Q: 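The following block contains the structure, expressed as structure tokens.
Naming: A, B, ... by sequence-line order, numbering from 1 per chain. These numbers were taken from a predicted model, which means no experiment stands behind them.
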There are 2 protein chains.
Amino acid sequence: MITENQYFDGNVKSLGFQTAEGKATIGIINPGEYEFGTSQKEIMNVIEGQLSALLPNENNWKIYKAGSSFEVKANASFKVKTDIQTAYLCVYK
Amino acid sequence: MITENQYFDGNVKSLGFQTAEGKATIGIINPGEYEFGTSQKEIMNVIEGQLSALLPNENNWKIYKAGSSFEVKANASFKVKTDIQTAYLCVYK
């Protein structure tokens, strides 16, 4: 099954699927700033475009270009922002 | 705008967006075999999972693992098949 999800009035859309290691989503983030909460550990991989992220317990935004990734622990919140449509792969651990 | 597309009774779903270089889609392909047609040159990048592809003018299927890509010329048709849900990024040139 391929699940369809959307958040923030359709400014973030994703498709959910299963990998050999567990659940994952691919998605697109429109320009803007968004706050997400995690229930599991997540590894966010930037596929195309670029994200700035403010991770839990960090004071500074950091830029993640296509090909880079960051990890967010379970039960935490983090912010991302972007100026361009950005594609990501999120793997849940 | 993030466009939503689905093909083959929902066994292939994709999200369309814009990159600095032009139009692109990310998508998920369910297990099965599918034939696609191109109207523009396409570069298919396997993000997660694995695809076998039979490209135009080829006689043999070739396997593309996550991290690899293949190119299909405009106005051609190609086949893909997979045993596992597979995520891709398709960039139109």
Q: Using a 3.5 Å distance criterion without hydrogens, assess whether the side chain of A/Gln85 forms a donor-acceptor pair with backbone atoms of A/Asn30.
A: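 The answer is no, because no donor-acceptor pair under 3.5 Å joins these two groups.
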Q: Between A/Lys81 and A/Trp61, is NZ or CZ placed under 6.0 angstrom from the six-membered ring centre and within 45° of the ring axis?
A: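 A/Lys81 over A/Trp61 ring: yes.
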Q: Under the 3.5 angstrom rule, does the side chain of B/Thr38 hit a backbone N or O of B/Lys73 as a donor-acceptor pair?
A: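 Confirmed, B/Thr38 side chain pairs with B/Lys73 backbone.
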Q: With a 4.5 angstrom heavy-atom cut-off, could you sort out which part of A/Ile84 is near chain B: side chain, backbone, both or neither?
A: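 Answer is neither: A/Ile84 stays 4.5 Å or more from chain B.
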Q: If I measure from the heavy atoms of chain B, does A/Gln50 come under 4.5 Å with its side chain, its backbone, both, or neither?
A: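 It is neither, since no heavy atom gets under 4.5 Å.
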Q: Heavy-atom cut-off 4.5 Å, strictly under: side chain, backbone, both or neither for A/Asn11 against chain B?
A: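 Just the backbone, heavy atoms under 4.5 Å.
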Q: Ignoring hydrogens and geometry, is there a side-chain-to-backbone donor-acceptor pair from B/Thr86 to B/Leu51 under 3.5 Å?
A: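 Flag not set: sc B/Thr86 to bb B/Leu51 has no pair under 3.5 Å.
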Q: If you count heavy-atom pairs under 4.5 Å between each of B/Gln18, B/Lys13, B/Glu48 and chain A, which one has the most?
A: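 If we count pairs closer than 4.5 Å to chain A, B/Lys13 comes out on top.
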